[in-house]
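Working notes for the structure below.
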Amino acid sequence: MKQKVRKAVLPVAGLGTRFLPATKASPKEMLPIVDKPMIQYIVEEAKESGVEQVILVTGRGKQAIENHFDTSSELERILEQKGEEKLLREIQKISNLVSFCYVRQKEALGLGHAVLCASEAVGNEPFAVLLGDMIIDSETPGLKQLMDVYEHYKDPVIGVSRVEQSEVSRYGIIKANQVSSGVHEVLDLIEKPSPEKAPSNLAIIGRYILPPEIFDILERTSPGANGEIQLTDALKKVLDNTALFACEIKGKVHDGGSKLGFLKATVELALKNPELGDDFRQYLKGLDL
Ligand code: UTP
């Protein structure tokens, strides 16, 4: 793979069952962390990493995501009339972040299937995948860190992060050889292993740079765990033909799709917020913990 990564696929068609009842009628990816929906953090990360086009894989009940990234002339007119310049610029910025394209996953048949739905929109070029509920709080944007590894090795790259040994069974875990500081060559991938069987504590955290060949592989991948087409199963087959690297993300990774992960992200990002941070810190200090 030598081409530049121009496109990113953001699958947002999942049912969000871990976050019910909040997600019964609202998309999980639109839940706000401080003052921005989770999906906006992800789109901003993609843009800051050099992505030009974002392909959102949506499903039933996800229209709020499309509306969020569309222009809103009525709202803009009102803000203009009220002289709310700063807010107006912020609202306009959202729809101008990147170029957006939407494809539909008719049924939530798994992450691998969601990525496959974007095959025509991606075409024959390497592309990024960013999960809509994993928030990375880092100095260098998470995907940019993968892009740097990709530039160097010219092979597919996945983002990983070290997790507690007791938590490995919640993630895809890699078996790998370290090749340089924070970079590993992947030898195998194991979906949700028990702590005794896990070959490492390096967990796959929802950032990928993939070759277009993954689409043919996904097409031939039969449903795995929970009857879903798993991206991890397809990645294992990528290993048959090419090297695959893992980039240890420098920064904090929050699983915004789980209630506890979402709360942690909210507290940490609120503390860093220039407008709210100081007051929020004071408030937390005053709590009887
Ligand atoms: P998750 O497994 O975290 O999301 O998938 P989910 O299925 O919505 O959540 P739970 O497990 O039921 O609580 C990671 C990302 O992949 C998308 C989700 O929207 C989420 O952003 N996804 C998942 C799809 O687009 N389609 C699917 O079939 C499954």
Side-chain angles (χ1 to χ4, degrees), residues 7-33 36-46 54-66 68-69 100-119 121-122 127-136 142-143 158-161 163 167 169-173 189 191-192 203-208 210 214-215 218-219 221-235 253-265:
K7 300 183 181 183
V9 175
L10 277 57
V12 294
L15 303 175
T17 50
R18 285 174 297 156
F19 225 124
L20 282 168
T23 47
K24 187 173 173 220
S26 316
K28 164 177 73 176
E29 297 80 7
M30 284 301 290
L31 294 174
I33 294 190
K36 269 194 292 194
M38 280 199 272
I39 192 69
Q40 191 180 331
Y41 287 91
I42 315 287
V43 171
E44 287 173 354
E45 179 190 328
V54 161
I55 301 158
L56 284 142
V57 183
T58 70
R60 258 184 303 285
K62 301 279 180 167
Q63 292 87 337
I65 299 178
E66 291 176 49
H68 185 71
F69 292 109
F100 290 96
C101 162
Y102 295 89
V103 298
R104 189 112 170 172
Q105 184 187 27
K106 287 187 200 150
E107 254 183 288
L109 295 177
L111 176 60
H113 181 259
V115 171
L116 181 57
C117 292
S119 67
V122 171
F127 63 103
V129 174
L130 297 94
L131 296 198
D133 55 358
M134 296 300 282
I135 307 285
I136 298 181
L143 180 65
I158 58 178
V160 294
S161 184
V163 296
E167 302 235 293
S169 57
R170 292 179 40 215
Y171 296 89
I173 299 290
L189 307 105
E191 191 59 60
K192 303 190 170 71
I204 305 171
I205 48 79
R207 298 292 184 273
Y208 310 80
L210 300 174
I214 192 94
F215 294 125
L218 282 168
E219 200 113 42
T221 304
S222 19
N226 337 320
E228 295 185 341
I229 297 179
Q230 304 286 342
L231 188 57
T232 310
D233 291 340
L235 278 173
V253 180
H254 297 289
D255 178 6
S258 80
K259 292 177 187 174
L260 187 59
F262 180 84
L263 285 173
K264 289 180 184 171

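Please read these numbers as outputs of a predicted model, since none were measured by experiment. One-based numbering, in listed order, for ligands and for the atoms of each.
In terms of the salt bridge (Lys or Arg N to Asp or Glu O under 4.0 Å) criterion, residue partners of R170 (sequence neighbours excluded) are, by chain and number, E167, D255. Partners of K264 under the salt bridge (Lys or Arg N to Asp or Glu O under 4.0 Å) rule, at least two apart in sequence or in another chain, do not exist in this structure. Among residues two or more places apart in sequence or in another chain, the salt bridge (Lys or Arg N to Asp or Glu O under 4.0 Å) test is passed with E219 by none.
Counting heavy atoms from C-beta outward, L131 and L111 have side chains that approach closer than 4.5 Å. Looking only at side-chain heavy atoms (C-beta outward), L210 and F127 come within less than 4.5 Å of each other.
When every heavy atom of C101 is checked against every heavy atom of A121, the shortest pair comes out as SG-CB, 4.1 Å.
Within 4.0 Å of ligand 1, protein heavy atoms belong to P11, V12, A13, G14, L15, G16, T17, R18, K28, E29, Q105, A108, L109, G110, L111, A114, L131, G132, D133, listed by chain and number.
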